[in-house]
Amino acid sequence: MKIMVLTVGKIKEKYLRDGIAEYAKRLGRYCRLEIIEVADEKTPEQASEAMERQIKDTEGKRLLRYIKDGDYVTALAIDGKMLDSVELSQRLDALALQGNSSLVFVIGGSLGLSGEVLKRADYRLSFSKMTFPHQLMRMILLEQLYRSFRISKGEPYHK
């Protein structure tokens with residue numbers, strides 16, 4: 001299975017880069033992982049709704065360039081479905097059984113994802129009703145993917 005994490009912006013903090021690298025290494029046993037970063041747009045302090053929409057649209061176009069027709073796309077969105085770790089593991093197993101060999105998880109920038117990206121998504125996943133920094137979300141996603149594979153294989157993992 002190939003998993004692409006498609007995300008807006010670069011990771012600036014070393015501790016997050018280290019954590020992401022650790023989970024990426026661990027995931028190598030279970031899947032082919034690719035992380036693609038697209039450039040983020042600077043958001044002015046007092047940005048209007050129209051400006052924020054334009055920023056999301058610009059970032060969205062950058063993201064959509066990497067999504068292929070056959071990809072199964074999961075958008076991380078606050079209004080998405082919340083799953084526990086076992087349910088996420090079962091979901092990944094079901095997608096694999098259905099022949100989805102290329103999964104794309106999309107993490108938006110600080111303003112979220114554009115309407116076009118959300119429209120292209122096959123599924124919307126929420127990790128919480130709380131808002132997390134999009135840079136931290138990358139590490140959380142990778143940890144949960146790793147946990148999902150461990151659950152699926154019946155391997156121990158701390159709770």
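What's counted below: heavy atoms across the whole structure, side chains too, no hydrogens, waters or symmetry copies.
Taken together through direct or relayed side-chain contacts under 4.5 Å among Ile, Leu, Val, Met, Phe, Trp and Tyr, V8 and V73 form part of one hydrophobic cluster. Following chains of ILVMFWY side-chain contacts shorter than 4.5 Å, one can reach L95 starting from L141, so the two form part of one hydrophobic cluster. Connection of M137 to L16 is established within a shared hydrophobic cluster, with ILVMFWY side chains joined at heavy-atom distances below 4.5 Å, either directly or through further cluster members. Criterion: ILVMFWY side-chain heavy atoms under 4.5 Å apart, direct or through other members. Under it, L125 and M1 are part of a common hydrophobic cluster.
When side chains are defined from C-beta on, R62 counts as touching E41, because their heavy atoms get closer than 4.5 Å. The side-chain heavy atoms of R32 and I3, taken from C-beta on, include no pair separated by under 4.5 Å. No side-chain heavy atom of L6 sits under 4.5 Å from any side-chain heavy atom of I35. Proximity of F127 to L83: side-chain heavy atoms (C-beta onward) are nowhere separated by under 4.5 Å.
Residues Y30 and E155 bring a donor and an acceptor atom of their side chains to less than 3.5 Å of each other. Side-chain contact, D71 with S102: a donor N or O sits under 3.5 Å from an acceptor N or O. Judged purely by distance below 3.5 Å, without hydrogens or angles, the side chains of S85 and Q144 pair a donor atom with an acceptor atom.
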Full working for side chain to side chain contact (heavy atoms under 4.5 Å, CB included) between V104 and T74: CA-CA 6 Å; V104 178; T74 298; over 6 Å; no

F149 vs R29, side chain to side chain contact (heavy atoms under 4.5 Å, CB included): CA-CA, chis, key distance, verdict: CA-CA 9 Å; F149 281 111; R29 291 183 52 208; over 6 Å; no

Steps toward side chain to side chain contact (heavy atoms under 4.5 Å, CB included) verdict (R26, R147): CA-CA 10 Å; R26 291 181 187 190; R147 184 181 296 266; over 6 Å; no

Worked check of side chain to side chain contact (heavy atoms under 4.5 Å, CB included) between V5 and V106: CA-CA 6 Å; V5 176; V106 185; over 6 Å; no

Test salt bridge (charged side-chain N to carboxylate O under 4.0 Å, His left out) applied to E87 and K81, step by step: CA-CA 11 Å; E87 290 170 325; K81 179 141 175 60; 5.8 Å; no

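Contact between K42 and I55 at its shortest, heavy atoms only, is O-CD1, 3.7 Å. Residues I36 and E34 share a closest heavy-atom pair of CD1-OE2, 3.5 Å. Annotation for M130 and I78: closest pair O-CD1, 3.8 Å, computed over non-hydrogen atoms. Across every non-hydrogen atom of V38 and E59, the tightest pair is CG2-O, 4.4 Å. Of all the heavy atoms in Y66 and M4, the pair that sits closest is O-CE, 3.8 Å. When all heavy atoms of S152 and D93 are compared, the closest pair comes out as OG-OD1, 2.7 Å.
In this structure, NE2 in H134 is found 11.0 Å from CG in L113, a value given to the nearest 0.5 Å. Rounding to the nearest 0.5 Å gives a distance of 5.0 Å between CE of M82 and NZ of K129. A distance of 12.0 Å separates CZ in R124 from CG in L76, rounded to the nearest 0.5 Å. In this structure, CD in E22 is found 12.0 Å from CD1 in I20, a value given to the nearest 0.5 Å. Between the NZ atom of K56 and the CG atom of L63 there is a distance of 12.5 Å, given to the nearest 0.5 Å. Atoms CG and CD1, on L136 and I107 in that order, are 10.0 Å from each other to the nearest 0.5 Å.
Here the rule is side chain to side chain contact (heavy atoms under 4.5 Å, CB included) with L103, and of L92, D122, L145 only L92 fits it.
Summarising the local packing, CE of M51 is surrounded by 12 or fewer heavy atoms from other residues, nucleotides or ligands at distances under 6.0 Å. Around atom NZ of K14, no more than 12 heavy atoms belonging to other residues, nucleotides or ligands sit under 6.0 Å away.
A donor-acceptor pair under 3.5 Å is formed between the side chain of S89 and the backbone N or O of S148. Checked by atom type and distance alone, the side chain of R120 never pairs as donor or acceptor with a backbone atom of L64 at under 3.5 Å. The closest donor-acceptor contact from the side chain of N100 to the backbone of Y72 lies at 3.5 Å or more, if one exists at all.
The existence of a salt bridge linking R138 and E37 is confirmed by a sub-4.0 Å separation between a basic side-chain nitrogen and an acidic carboxylate oxygen.
Taking the six-membered ring where tryptophan is involved, the planes of Y23 and Y146 are tilted, since the angle between them lies from 30° to 60°.
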